[in-house]
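The figures here come from the full heavy-atom set of this structure, side chains too, leaving out hydrogens, waters and symmetry mates.
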Amino acid sequence: MKNLADVVSGKISWIPPDYTECALGKWYYSTGEDEIKKISESSYEMFKGIEQPHREFHLTGNSFIENFKNKKIESAINDGMKLINQSAEVVLSIQKLAENIRVCKVKI
């Protein structure tokens, strides 16, 4: 979100990485699945629930930048509102997963 704000303010020229290439995506698609599977079935189900909102967040981020660059301000604003909600959904999903892991008393 900070990078997107910096793009809008003209501080940087940036394109969001693919959802598999950001820090979360790199973990999710490398060691994340194996790590979480070892904890519990419920943790694994929560883990899988992160993928879709995370992917949508990245797609919307790309749309936001394209719309902003093409001066489609209303569309960019709509994307910005979606990004806020999608970001919150991803964070909440991760928080729920972390709480589930804590309850399982597993140290990763």
Under a single-linkage definition using a 4.5 Å side-chain heavy-atom cutoff for Ile, Leu, Val, Met, Phe, Trp and Tyr, are [X] and [Y] assigned to the same hydrophobic cluster?
X	Y	value
Leu92	Leu83	no
Val8	Phe57	yes
Phe64	Met81	yes
Val91	Leu97	no
Tyr29	Ile50	yes

Within this structure, what is the [atom1]-[atom2] distance for the pair [X] and [Y], rounded to the nearest 0.5 Å?
X	Y	atom1	atom2	answer
Glu99	Gln95	CD	CD	10.0 Å
Thr60	Gln86	OG1	CD	3.5 Å
Ile36	Lys48	CD1	NZ	13.0 Å
Ile73	Asn78	CD1	CG	11.5 Å

Between Lys2 and Asp6, is there a salt bridge with N-O shorter than 4.0 Å?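 Looking at Asp6 and Lys2, the cut-off is met.
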Is it true that Lys69 and Glu66 make a salt bridge, defined as a side-chain N closer than 4.0 Å to a carboxylate O?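 Salt bridge flag = no for Glu66 with Lys69.
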Set of side-chain hydrogen bond (donor to acceptor under 3.5 Å, both in side chains) partners for Thr31, sequence neighbours left out: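 Counting only residues at least two positions away or on another chain, Thr31 forms a side-chain hydrogen bond (donor to acceptor under 3.5 Å, both in side chains) with Glu35.
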Do the rings of His58 and His54 sit parallel, tilted or perpendicular, given the 30° and 60° boundaries?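 Because their plane-to-plane angle is over 60°, the rings of His58 and His54 count as perpendicular.
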Donor-acceptor contacts under 3.5 Å from residues 11-24 side chains, at least two apart:
unit_1: Asp18; atom_1: OD2; unit_2: Thr20; atom_2: N; d: 3.1
unit_1: Asp18; atom_1: OD2; unit_2: Thr20; atom_2: OG1; d: 2.6

If you take all heavy atoms of Ser42 and Asn100, which pair is closest and at what distance?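 Minimum heavy-atom contact is OG-ND2, 3.2 Å.
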Would you say that [X] contacts [Y] through its side chain, given a criterion of any heavy-atom pair below 4.5 Å between the two side chains?
X	Y	value
Ile65	Asp79	no
Gln52	Glu56	yes
Met1	Ile84	yes

Sole candidate of Tyr44, Tyr28, Trp27 that passes side-chain hydrogen bond (donor to acceptor under 3.5 Å, both in side chains) when paired with Glu33: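 Only one of Tyr44, Tyr28, Trp27 forms a side-chain hydrogen bond (donor to acceptor under 3.5 Å, both in side chains) with Glu33, namely Tyr44.
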Taking the side chain from Ser63 and the backbone from Leu59, do they hold a donor-acceptor pair closer than 3.5 Å?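 No, Ser63 side chain to Leu59 backbone: no donor-acceptor pair under 3.5 Å.
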